[in-house]
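Below: one structure, written as structure tokens.
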Amino acid sequence: MTVPGQRSGLDLVPVTDGDKATKKHYTSDQEVRWCPGCGDYAILAAMQSFLPELGLKRENIVCISGIGCAARFPYYLNTYGMHSIHGRAPAIATGLATARPDLSVWVIGGDGDFMSIGGNHLIHALRRNVNIKLLLFNNRIYGLTKGQYSPTSEVGKLTKSTPYGSVDHPFNPVSLALGSETTFVARTIDSDRKHLTAVLRAAAEHRGAAFVEILQNCDIFNDGAFDILKNPETRDTAVVRLEHGKAITFGANGEKGVRLTGRGGLEVIDTTKVQPESLLVHDITHTEPALAFMLSRLGNVDDGVTPIGIFRSVQRATYDDQVNEQIDAATAAGGVGDLAALLSSGDTWRID
Amino acid sequence: MTVPGQRSGLDLVPVTDGDKATKKHYTSDQEVRWCPGCGDYAILAAMQSFLPELGLKRENIVCISGIGCAARFPYYLNTYGMHSIHGRAPAIATGLATARPDLSVWVIGGDGDFMSIGGNHLIHALRRNVNIKLLLFNNRIYGLTKGQYSPTSEVGKLTKSTPYGSVDHPFNPVSLALGSETTFVARTIDSDRKHLTAVLRAAAEHRGAAFVEILQNCDIFNDGAFDILKNPETRDTAVVRLEHGKAITFGANGEKGVRLTGRGGLEVIDTTKVQPESLLVHDITHTEPALAFMLSRLGNVDDGVTPIGIFRSVQRATYDDQVNEQIDAATAAGGVGDLAALLSSGDTWRID
Amino acid sequence: MSKQVRQRERVIIRFAGDSGDGMQLTGDRFTSETAEFGNDLSTLPDFPAEIRAPAGTLPGVSAFQLHFADHDVQTPGDRPDVLVAMNPAALKANLHELPTGADLIVNSDEFTPRNLAKVGYAASPLEDDSLSSYQVHSIPLTSLTVKALEGFEITRKDAERAKNMFALGMLSWLYNRPTATTLTFLEKKFAGKPELARANITAFNAGWNFGETTEAFTVRYEVMPAAMRPGLYRNITGNTALSYGLVAASVRSGLPLFLGSYPITPASDILHELAKHKRFGVRTFQAEDEIAGIGAALGASFGGSLGVTTTSGPGVDLKSEAIGLAVTLELPLIICDIQRAGPSTGMPTKAEQSDLLLAMFGRHGEAPVPILAPQSPSDCFDTAIEAARIATKYRTPVFVLSDAYLANGSEPWLVPDVDSLPLIEVEFTTEPNHAKPDGSPEFWPYLRDAETLARPWAVPGTPGLEHRIGGIEKADGSGNISYDPTNHDTMVRLRQAKVDGIAHDIPPLDVDDPTGDAGVLVLGWGSTYGPIGAAVRLVREEGVRVAHAHLRHLNPLPANTADVIGRYRKVLIPEMNLGQLALLLRARFLVDAISFTRVRGMPFKSEELADAIRDVVGADV
Amino acid sequence: MSKQVRQRERVIIRFAGDSGDGMQLTGDRFTSETAEFGNDLSTLPDFPAEIRAPAGTLPGVSAFQLHFADHDVQTPGDRPDVLVAMNPAALKANLHELPTGADLIVNSDEFTPRNLAKVGYAASPLEDDSLSSYQVHSIPLTSLTVKALEGFEITRKDAERAKNMFALGMLSWLYNRPTATTLTFLEKKFAGKPELARANITAFNAGWNFGETTEAFTVRYEVMPAAMRPGLYRNITGNTALSYGLVAASVRSGLPLFLGSYPITPASDILHELAKHKRFGVRTFQAEDEIAGIGAALGASFGGSLGVTTTSGPGVDLKSEAIGLAVTLELPLIICDIQRAGPSTGMPTKAEQSDLLLAMFGRHGEAPVPILAPQSPSDCFDTAIEAARIATKYRTPVFVLSDAYLANGSEPWLVPDVDSLPLIEVEFTTEPNHAKPDGSPEFWPYLRDAETLARPWAVPGTPGLEHRIGGIEKADGSGNISYDPTNHDTMVRLRQAKVDGIAHDIPPLDVDDPTGDAGVLVLGWGSTYGPIGAAVRLVREEGVRVAHAHLRHLNPLPANTADVIGRYRKVLIPEMNLGQLALLLRARFLVDAISFTRVRGMPFKSEELADAIRDVVGADV
Ligand SMILES: Cc1ncc(C[n+]2csc(CCOP(=O)(O)OP(=O)(O)O)c2C)c(N)n1
Ligand SMILES: Cc1ncc(C[n+]2csc(CCOP(=O)(O)OP(=O)(O)O)c2C)c(N)n1
Ligand code: SF4
Ligand code: SF4
Ligand SMILES: [Mg+2]
Ligand SMILES: [Mg+2]
């Protein structure tokens with residue numbers, strides 16, 4: 001969501017002259033090659049049906065990915081696209097977005113692609129606040145290479161590469177993004193089409209780097225990883241839906257709530273036992289990410305309680321806008337560069 | 001500092017049989033090739049005089065660096081050392097520390113080495129909690145390559161590579177480390193020998209990845225970058241010294257203090273006008289990094305107010321310890337591997 | 001009814017089906033039975049890069065080919081004698097390779113209009129006469145299996161899944177295979193789920209009995225055991241052999257093994273295998289990327305471990321800089337490149353030999369690295385040990401160039417006696433090796449061994465030998481930073497001379513030239529060993545005289561390589577690339593080597609190689 | 001007193017001092033004066049990798065050599081006629097290259113016991129007779145300068161710093177250089193600090209007057225202007241020329257320039273230079289590492305920019321994987337490798353030619369990339385434009401191999417007329433290029449141009465041509481993912497053929513063989529052009545007949561290379577590596593090329609090359 005007064009991420013992207021595009025319009029002729037039941041299908045469907053709603057010229061949308069099951073995404077979206085190499089998509093997208101402010105650039109990657117080999121490009125794109133939308137398909141496993149643990153896998157994970165259980169502590173992608181100065185940070189779930197679409201729309205409209213963690217099921221190598229957030233028995237108490245301007249409550253009938261402790265932390269409380277005012281009201285526009293960071297620590301899938309929604313959405317000059325403004329300003333001031341003048345600049349002498 | 005009950009980072013490192021080592025003992029025969037006045041000299045001196053105090057066998061100390069002015073460090077320390085390639089030292093150290101639990105492994109790098117090209121290795125070493133000590137010499141500039149801006153340079157920095165001013169938003173190294181699940185995070189200053197030494201000692205004793213940001217002056221390409229924290233006129237109000245168990249105050253006579261706002265933030269207040277109890281008492285042992293993260297946002301050099309000291313020190317199983325425990329456990333259970341048995345495992349048949 | 005039994009010297013079977021049909025497992029099991037029976041054999045799995053492309057589509061087809069015989073087998077075979085096609089896609093994808101008269105076993109249940117349409121069959125090939133030139137056995141495998149499993153407490157899906165065991169049982173009957181290993185395997189596999197175990201075993205037996213009783217098969221085949229050297233055998237893939245070789249090298253050198261790796265097809269299985277062997281003190285580090293993988297391995301080597309990193313082409317690209325560091329640090333390190341089809345992502349599951357020049361030259365500056373290439377799945381074991389010997393003796397990174405074909409392919413392996421394995425003696429330096437001007441002792445990390453030119457290896461923890469090494473040029477001897485022009489020239493040549501010198505420490509290239517008077521030499525390297533051998537055998541049977549030599553050491557080349565090449569009028573070099581070894585040999589020996597190249601991601605067919613040989617020999621008069 | 005004036009055809013001056021003494025600046029200024037005077041010239045800066053090694057030590061010595069003459073100059077010269085040594089370290093580090101009888105100007109103030117001790121001089125060489133074979137001018141430069149600046153409101157440190165301007169003034173007098181440019185330069189440099197400006201100008205004039213009046217100099221030299229083609233000249237370094245060439249290519253192609261780069265010596269100055277030219281729409285991206293640098297450039301190319309990445313050896317290693325991607329994406333991209341001494345970190349500020357084979361083969365799979373190498377500082381300009389022409393016309397990454405010597409060295413450059421620069425015509429595809437079975441139009445990103453084999457370049461924003469490209473193997477034409485074995489073989493050969501085909505679109509290799517009957521060809525590439533030319537001139541003056549050809553296109557080679565080589569009995573290939581071009585030519589043409597190599601991080605001395613030529617010609621009978 002664009003907060004009033006904020007410039008939209010799509011400002012410079014040309015729109016169609018009214019003619020309504022459809023999902024079909026955004027569906028490529030390539031046969032989708034994910035496993036039956038893969039969570040990626042739901043995300044693809046959501047993208048294909050929400051993109052037309054933006055009313056942009058389809059040819060001005062580009063989707064760039066690295067390598068992985070998730071990274072096959074661009075092939076199936078009928079826009080411009082590049083299926084690049086493992087981990088480098090954020091860097092490639094940075095160049096494209098900086099050179100072409102008239103494009104809406106989407107970057108797709110898995111938890112290996114973005115958080116493992118591509119981690120550095122990710123955090124730098126986020127800190128620079130390049131106007132690109134980064135969608136992390138987090139299935140907490142390496143799918144395409146047939147099931148090794150990933151930097152988001154829970155400790156003790158038994159996989160092909162860790163027959164005795166993994167011993168390394170995972171990243172919390174939302175925390176990492178907030179520690180990387182990211183201006184838009186959100187988390188959503190593959191199976192919750194409505195929520196997913198709302199978050200994607202907000203990301204699209206955010207001017208700057210938008211980081212969206214999508215919890216995605218890999219039904220071959222990590223099936224059920226997010227069942228606790230999906231299963232009707234558990235989901236109400238496991239999923240904490242963050243909504244801007246609303247007090248943070250969850251549970252079947254909002255019987256649980258989140259409030260600040262006096263000691264600089266958060267606590268989950270029984271809303272029936274406290275004054276509504278004492279609940280923490282979610283505000284995505286805090287200039288400082290500290291409170292959003294605190295919310296990111298409320299818990300993740302492993303602890304049950306998992307906040308989803310937009311954690312942070314603030315405006316900060318984007319890298320690409322500033323690069324282009326410097327060019328415009330210099331040109332406005334000094335005029336378009338004169339090659340002859342450049343070549344003959346500095347100390348010169350004439351031989352006749 | 002090791003919090004009571006915590007296992008020390010040096011537990012498995014052999015100690016000398018009493019004979020006291022000296023600074024000279026830790027000084028190599030190599031001529032130091034930093035610019036006169038470089039902040040690196042002070043850090044080197046601090047290391048050379050504090051290492052002997054640990055009473056470790058010198059031959060069990062290893063210093064690994066990448067490339068940069070800072071990265072020349074190992075040459076000058078008379079321990080084992082490797083001056084490797086740009087950005088990769090944390091990865092190299094991870095292998096060494098995992099294979100050799102009897103070593104005290106130090107990793108040295110500049111803000112380019114650690115935060116730019118080496119950013120991914122850094123955050124992964126931190127999240128894994130490998131028992132290595134990472135010292136970031138942050139001079140907010142690329143020194144060795146003659147002065148380009150770095151990922152920690154302030155916005156608008158005029159350098160050789162940014163004649164119109166840099167446009168990208170810098171990392172706050174402490175925030176990034178906290179977002180990377182780091183168990184020990186601290187910040188100190190090259191010129192404050194006492195504070196620097198205390199932090200280094202605490203890092204050495206911490207079992208796990210210890211990240212120490214050392215604000216270091218580059219007097220050729222970024223001279224005075226930290227003057228505000230050093231200059232007698234300004235330092236008292238600019239430097240916020242975090243001390244475990246103590247209320248957070250600063251100013252010449254502690255007239256300023258930090259307290260929690262009701263809205264999940266921090267505020268700087270006039271200590272003369274409030275009850276001492278209302279001040280925030282610093283606790284480095286919080287299991288959750290949220291409050292430490294909030295402190296890291298209190299400000300950095302650019303805003304004047306800059307917290308230094310240990311932000312966080314908690315214990316979590318280290319990567320290397322767990323790897324070695326898995327080996328010990330498996331061996332204890334099944335005995336040392338039998339090669340003949342391995343080669344003839346699986347379906348076999350005999351031809352006679 | 002009793003069936004007629006036909007003798008066969010050799011049989012090539014290809015199992016093909018959907019990624020979900022478990023063809024790789026079926027192939028593996030049939031391989032084990034065949035191995036146990038005593039045939040010689042060679043296998044070639046062939047699966048798509050996608051985990052599970054849409055069911056019933058061509059990209060989704062997964063195949064497994066097995067060649068077994070009563071004599072020694074060199075390749076998985078060119079064209080199958082028997083194709084098992086579990087669905088129309090599998091049929092369409094493989095039919096073109098089927099020779100006329102071959103047996104074709106299809107799962108007729110899957111030939112539904114929908115499935116046929118998916119792969120563009122207008123009409124069912126089972127109905128029209130498009131298959132008339134084959135022995136078609138159209139069998140409703142799925143329904144037969146489901147029927148056989150009626151009454152089991154399992155889902156219909158699980159029942160259908162068991163059809164591959166039904167097919168396996170049927171073929172086990174057809175070729176009269178021993179079934180014990182498969183039955184025990186199934187018990188193990190479904191240990192947790194007894195009902196499923198029973199179901200699969202039932203399906204397997206049902207398949208066997210079906211073969212026995214059905215009209216569909218009038219004949220049954222017998223392939224006699226092959227004469228093999230006595231001893232204990234097991235079937236082994238290249239990746240497993242390479243893993244075992246590394247463990248063996250660790251045991252025989254006394255150096256703990258440290259693997260730093262990042263998953264990548266087709267190398268990942270080495271990481272998976274080594275991760276199991278904690279009891280051998282093996283440490284496996286799944287790194288954040290390939291650079292961290294090799295970096296950690298190098299760090300471990302600095303600490304006295306046997307550092308290893310495993311990867312495939314794209315990963316080698318990324319490791320280039322770190323390999324250069326290892327070259328100048330002069331520390332032991334093994335880099336295993338399981339080559340796949342490039343460039344870039346290319347065809348990740350397919351084989352190629354196109355990283356040879358990358359291994360030779362893929363680093364800035366003059367940075368020589370020894371290179372070895374295994375020539376068969378089991379040879380990966382010996383190659384790993386040899387790589388460790390060279391790496392530790394000469395303090396150098398060493399490349400092992402395997403490929404997807406060797407990695408996943410398998411063959412019977414005569415399990416070696418541990419004591420017969422080479423001992424790798426490694427001595428760490430523990431004493432100063434030089435005297436200061438004032439006579440006091442000091443340690444010079446770059447004071448070389450006169451014979452091997454190797455530098456001393458002193459590991460942290462060794463008192464008095466504290467020293468620093470790095471990537472900047474070092475003064476000859478002391479190892480201190482030096483920008484002296486002449487010193488640099490000296491060091492560059494010393495590093496080169498050290499690697500070149502290994503030529504005298506490796507076995508000479510030996511030539512297979514039975515008649516001793518061949519005019520043409522076929523020279524290969526790596527995984528083409530089998531196909532070239534088979535092709536050479538083919539043409540020799542026609543009386544063609546030809547010699548075959550195969551390079552296991554590619555850098556440096558064996559000392560006698562020049563002589564060998566000099567002995568022949570023509571040298572033919574078949575490669576699965578555009579002629580990379582040919583380029584090296586032409587440059588080195590100015591020999592007008594003839595390159596024969598195919599870059600299809602598939603091993604050579606021995607027939608096409610035989611043609612190439614016939615052409616060259618024919619032209620040689 | 002009036003001084004005797006001696007004529008000289010050529011003079012080689014070397015300024016040497018502490019890193020802090022401003023020798024590079026002094027050299028630059030003297031170069032400008034000399035250029036303006038109209039001599040031809042060539043320069044060679046030589047500084048340490050450390051920013052400022054401890055004052056007065058050998059590692060801290062920074063030098064700048066200038067060769068100027070009344071005729072055309074090809075190299076910075078072998079041995080200086082004049083050495084200006086600002087301290088004992090500078091003297092010790094450079095004396096061994098000084099020929100007897102040379103002028104030696106030393107700053108006697110710095111020859112203190114402490115400074116002498118620092119570099120191991122027992123006694124002052126100014127006192128003993130160790131310098132007797134030179135014309136020693138021992139002058140207290142520091143104190144003279146400080147004295148001259150008495151009364152200025154500047155620190156003593158600043159006054160002392162001005163001693164380099166004093167020395168410059170003195171030498172400007174000695175060689176009768178025009179001083180205007182220096183004076184205006186100083187005004188500009190100290191624009192903010194008028195007092196410092198006046199002080200430095202005063203020091204400069206004081207130096208000039210000192211020369212005029214002192215006994216220390218009895219003679220004064222005159223070097224007449226060289227005859228040069230008429231036109232406007234400027235002095236230019238290789239890195240500046242390369243930067244200008246890239247800007248020119250952008251202007252002449254109409255494609256916005258995008259540079260993605262990570263700082264590294266000696267390439268950083270290109271990033272610095274291009275960052276200034278916002279008014280040309282140049283976007284410079286200082287990336288987090290080399291991979292991001294090339295990645296961003298490739299992304300920009302995909303968007304229709306002229307994507308460029310600049311780096312040196314270690315950076316090329318890291319970019320390998322991304323270069324392979326560019327090869328298979330078939331997008332234009334320029335990769336500038338400013339070679340430095342390797343392997344690994346090596347000697348970062350020194351020159352080498354050891355990345356040629358890396359550029360040729362440093363990627364997994366078969367991934368051919370065109371390679372160009374400039375042969376002089378100013379030639380970097382034309383090479384950059386040619387690289388852009390090939391990259392855009394053939395949709396391919398292109399390597400430009402410069403080196404530290406070209407990058408920092410300078411020469412006079414006849415500023416070209418902009419309209420005379422090649423026009424680079426680039427057409428983006430805007431219409432479908434293929435018809436679906438049903439006849440409706442579609443876009444096939446891999447449908448090639450019949451002649452160039454280049455694929456269409458359709459950029460985002462073009463309606464109707466939405467398409468996806470990637471690193472997986474593509475079906476010939478449609479570009480869809482394909483694992484078909486035959487298709488892969490086809491694509492591998494197509495990519496190779498596209499690059500090979502460029503041979504017919506580049507100028508033939510031309511040979512300098514005045515007598516037309518030489519038996520020996522000296523064949524070089526890159527920065528050895530000057531030294532080889534000088535050496536050839538030397539031996540020709542002795543009547544030796546020898547031909548010289550220089551390769552600017554290294555991949556593919558000019559179509560006539562075979563003929564040229566074939567015309568000579570012997571081919572001598574001098575390289576600053578261990579024979580990398582030699583290896584390529586031997587493999588390609590089976591020619592027994594003779595390699596002459598020096599790997600010292602320094603350009604060849606023309607004398608040593610002359611000897612090499614004499615040997616080969618001598619042996620050729
Ligand atoms: C440079 C490089 N290293 C490794 C690989 C192998 N590889 C392909 S995808 C992948 C990770 C897949 O996991 P993830 O990114 O989470 O995507 P997913 O398949 O789970 O959607 C790896 C390691 C590669 N293709 N390239
Ligand atoms: C792969 C590679 N890329 C780039 C370089 C060039 N380089 C050397 S040091 C450095 C950065 C120096 O900055 P920093 O890490 O902050 O260290 P400092 O010199 O400031 O102490 C760079 C870019 C290199 N040596 N290797
Ligand atoms: S392996 Fe997992 S992530 Fe990949 S396509 Fe299959 S289900 Fe999806
Ligand atoms: S350049 Fe800066 S950081 Fe480097 S040595 Fe000099 S003062 Fe220190
Ligand atoms: Mg994943
Ligand atoms: Mg720095």
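A quick note: this is a predicted structure, and the numbers were derived from the prediction, not measured. Lettering of chains follows the sequences in order, A, B, ..., and the numbering in each one begins at 1.
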With a 4.5 angstrom heavy-atom cut-off, which part of D:Gln339 approaches chain C: side chain, backbone, both or neither? neither
Per-residue tally against chain D (heavy atom, under 4.5 Å) across C:Ala582, C:Gly342, C:Pro314, C:Gly470 peaks at C:Pro314
From C:Thr490 atom OG1 to D:Arg600 atom CZ, the distance as rounded to the nearest 0.5 Å: 10.5 Å
For D:Glu352 and C:His488, which heavy atoms make the closest approach, and how far apart are they? OE1-NE2, 2.6 Å
For C:Val599 and D:Val492, the nearest pair of non-hydrogen atoms, with its separation, is CG1-CG2, 3.8 Å
Distance (rounded to the nearest 0.5 Å) between C:Leu357 CG and D:Leu358 CG: 12.0 Å
Taking the side chain as every heavy atom from C-beta outward, state whether D:Tyr483 and C:Thr349 have any atom pair closer than 4.5 Å. no
Are any of the side-chain heavy atoms of D:Val316 and C:His364 separated by less than 4.5 Å? no
For chain D, the option from C:Ala587, C:Gly362, C:Ala93 that forms the most heavy-atom pairs under 4.5 Å: C:Ala587
I need the minimum non-hydrogen distance between C:Ser320 and D:Asp317, along with the two atoms involved. CB-CB, 3.8 Å
Starting at CD of D:Glu50, measure out to CD1 of C:Ile481 and round the result to the nearest 0.5 Å. 6.5 Å
With rounding to the nearest 0.5 Å, note down the distance linking CD in D:Glu366 to CE in C:Met576. 12.0 Å
Rounded to the nearest 0.5 Å, what's the gap from NZ on C:Lys350 to CG on D:Asp484? Could you check? 9.5 Å
Which region of D:Ile291, side chain (C-beta onward) or backbone (N, CA, C, O), has a non-hydrogen atom less than 4.5 Å from a non-hydrogen atom of chain C, or is it both or neither? side chain
Tell me, for C:Gln496 versus chain D, whether the close heavy atoms (under 4.5 Å) come from the side chain, the backbone, both or neither. side chain
Any pair counted as salt bridge (Lys or Arg N to Asp or Glu O under 4.0 Å), so long as it reaches residues 574-597 of chain D, sequence neighbours left out: D:Arg586-D:Asp592
Segment of C:Ser482 engaging chain D (4.5 angstrom heavy-atom cut-off): backbone
Should C:Arg493 and D:Leu578 count as side-chain neighbours, where that means a heavy-atom distance under 4.5 Å? yes
In Å, rounded to the nearest 0.5 Å, how long is the span from CD of D:Glu290 to CD of C:Glu321? 7.5 Å
For C:Gly365, is there any backbone N or O sitting under 3.5 Å from a side-chain donor or acceptor partner on D:Asn577? no
Could I get the full list of salt bridge (charged side-chain N to carboxylate O under 4.0 Å, His left out) partners for D:Arg395, not counting sequence neighbours? none
